[in-house]
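Below you'll find the structure, written out as structure tokens, and then a few comments.
The chains referred to below are lettered A, B, ... by the order of the sequence lines, with proteins before strands, and numbering in each begins at 1.
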Number of protein chains: 2
Amino acid sequence: MSEQATRVRRADAVRNRDALLETAKRLFADRGSEVTFEDVARAAGVGKGTLYRHFANRDQLIAAVLRDRFDTLTAEAERLATRHEPDVAVDTWLRSFDSYPTSDRSLAASISEGLTDARSAVSTACTPMKDAFTRLLATAQESGSVRHDVDAQQLLTVIAGLPDGHRDETGSSPFLDVVLRGIR
Amino acid sequence: MSEQATRVRRADAVRNRDALLETAKRLFADRGSEVTFEDVARAAGVGKGTLYRHFANRDQLIAAVLRDRFDTLTAEAERLATRHEPDVAVDTWLRSFDSYPTSDRSLAASISEGLTDARSAVSTACTPMKDAFTRLLATAQESGSVRHDVDAQQLLTVIAGLPDGHRDETGSSPFLDVVLRGIR
DNA sequence: ACCTGAACACCGTTCAAGT
DNA sequence: ACCTGAACACCGTTCAAGT
């Protein structure tokens with residue numbers, strides 16, 4: 001019970017953290033990456049010191065906002081690996097990865113940075129997803145359905161960086177097909 | 001001679017503008033987009049008020065830094081259009097567009113923004129280039145060598161956004177080949 | 001243990017005073 | 001006509017005081 005003590009949190013702290021995360025998701029979705037750290041705190045009804053208590057900096061707040069989506073994508077990669085042919089699995093997964101929910105649309109730059117720069121908090125959050133996709137891609141390459149000169153991390157960075165405009169209602173880019181054809 | 005009067009500039013003003021532009025190119029190349037506006041002014045040996053006198057804001061300084069490259073690329077597009085088959089012209093030009101000189105490498109985000117957002121100063125600077133490539137691409141599409149569902153502006157935005165890492169010594173991305181295959 | 005908001009640091013931008 | 005740097009605005013971050 002002594003090591004359990006570190007996990008005890010006051011009810012108001014839990015409430016505040018949840019409110020901050022929900023508020024951040026909503027504001028990023030509504031107004032993009034221009035939202036101020038202070039905006040988030042005020043909209044959540046707390047002081048900005050509280051925001052910093054729960055999220056050490058902007059990067060960590062963004063990582064927390066994205067974590068749900070990363071976890072879902074990790075699980076999907078593992079599921080696809082066991083149930084589909086390698087080429088179908090890669091295509092299907094990349095379509096999911098490219099389909100931004102509105103709440104994450106404005107955070108694409110942070111995702112690109114997280115995939116590339118290991119020092120960012122987003123990098124820690126997306127590593128399991130990156131590893132799961134790397135395995136998926138390697139299998140497809142071994143089976144001969146994807147070119148061997150394509151690097152998983154680079155491929156994800158390219159797709160994460162596809163422009164926001166011209167996406168359909170599911171949030172998928174018209175350019176994804178170009179990339180999928182190009183890696184064959 | 002009355003309308004000529006507006007073009008007269010004091011020698012020190014011309015000297016300062018040139019020094020600021022050269023300094024900005026060098027600093028962007030050395031230290032990326034993290035360079036401060038004040039850094040540029042100090043390194044050029046002038047006050048920051050002088051920098052603002054010559055370039056109304058950060059966006060206009062970046063547009064001026066990029067203008068030479070945009071003009072070169074515009075001229076190349078027009079040259080290629082008259083001397084090569086449409087598909088060769090498109091491939092060759094896109095390889096040039098993707099090959100960042102070191103001085104421009106860190107400005108890719110501004111180029112993407114300029115291609116997309118008509119309000120930026122970079123947009124004004126890159127419009128002739130965008131128009132020249134649009135014509136090049138349309139010709140290739142009419143000749144059947146490029147897919148009809150590829151939009152010129154989007155294509156340029158995608159290529160401008162290709163990640164910085166893994167480029168060869170000429171500054172070209174290993175992913176360009178994926179895109180070139182994908183648009184066929 | 002947690003919250004709050006004043007205070008600090010940084011940087012883009014403006015402008016009154018100067019040559 | 002142009003230059004200069006102090007001053008302002010904004011925003012991310014810290015921290016002393018409070019509950």
Fill in: Interatomic distance, B/Arg15 CZ vs D/dA1 P [rounded to whole Å]
18 Å
Fill in: Nearest heavy-atom neighbours spanning A/Ile111 and A/Phe70
CG1-CZ, 4.2 Å
Worksheet item: Does a side-chain heavy-atom distance below 4.5 Å link A/Thr72 with A/Glu76?
Response: no
Fill in: Closest heavy-atom pair and its distance - B/Leu155, B/Leu94
CD2-CD1, 4.0 Å
Worksheet entry | Side-chain donor/acceptor of B/Lys48 to base of D/dT4, under 3.5 Å | no
Worksheet item: Can you give the dot-bracket line for DNA chain C, using ( ) for pairs inside the strand, [ ] for pairs that cross earlier ones, | for pairs with another strand and . for unpaired bases, where Watson-Crick and G-U count if both distances are under 3.5 Å?
Response: ||.|||||...|||||.||
Worksheet item: Between D/dC2, D/dT4, C/dC3, which one does the side chain of B/Asp12 approach most closely?
Response: D/dC2
Worksheet item: Using a cut-off of 4.0 Å on non-hydrogen atoms, how would the nucleic acid contact of A/Thr36 be classed: base, sugar-phosphate, or nothing?
Response: sugar-phosphate
Practice prompt. Whole angstrom is fine here: how far is it from CZ in B/Arg9 over to P in D/dC2?
Written response: 8 Å
Discussion item. Looking at every non-hydrogen atom in both residues, tell me the closest pair between B/Thr124 and B/Pro128 and how far apart they are.
Written reply: O-CD, 3.7 Å
Fill in: Rounded distance (Å) that lies between atom P of C/dC10 and atom CZ of B/Arg42
12 Å
Worksheet item: Rounded to the nearest 0.5 Å, how far apart are CH2 of A/Trp93 and CG of A/Leu136?
Response: 8.0 Å
Practice prompt. Could you check which of C/dT4, C/dT13, D/dC3 has an atom nearest any side-chain atom of B/Tyr52?
Written response: C/dT13
Worksheet item: Side-chain N or O of B/Arg10 less than 4.0 angstrom from OP1 or OP2 on D/dC2?
Response: no
Worksheet item: What is the nucleic acid contact for A/Phe37, judged by heavy atoms within less than 4.0 Å: base, sugar-phosphate only, or nothing?
Response: sugar-phosphate
Worksheet item: Taking only side-chain nitrogens and oxygens of B/Asn16, does any of them come within less than 4.0 Å of OP1 or OP2 of D/dC3?
Response: yes
Worksheet item: Rounding to a whole Å, what distance do you find between B/Asn57:CG and C/dG12:C1'?
Response: 10 Å
Worksheet item: Whole Å only: how far is the CG atom of B/Leu61 from the C1' atom of C/dC11?
Response: 15 Å
Worksheet, complete the sentence: Rounded to whole Å, the CZ-P distance (A/Arg17 to C/dC3) equals 12 Å
Worksheet item: Does the side chain of B/Arg58 get closer than 4.0 angstrom to OP1 or OP2 of C/dG12 through an N or O atom?
Response: yes
Fill in: Spacing of A/Leu51 atom CG relative to C/dC2 atom P, expressed in whole Å
15 Å
Worksheet item: Quick one: is D/dC2 close enough that its OP1 or OP2 comes under 4.0 Å of any side-chain N or O from B/His54?
Response: no
Worksheet item: Just how far is it from atom CZ of B/Arg167 to atom CG of B/Asp98, taken to the nearest 0.5 Å?
Response: 4.5 Å
Discussion item. Can you tell me how far apart CD (B/Glu38) and NZ (B/Lys48) are? Round to the nearest 0.5 Å.
Written reply: 4.0 Å
Practice prompt. Let me know, please, whether A/Val14 or B/Val35 comes out on the 5' side of the other along DNA chain C by nearest nucleotide.
Written response: A/Val14
Worksheet entry | Nucleotide D/dA6, atom P - distance to CD of B/Glu38 in whole Å | 10 Å
Worksheet item: How many angstroms lie between OG1 in B/Thr92 and CG in B/Leu180, if you round to the nearest 0.5 Å?
Response: 9.5 Å
Discussion item. Can you work out whether A/Ala56 or A/Glu34 has the more 5'-proximal nearest nucleotide on DNA chain D?
Written reply: A/Glu34
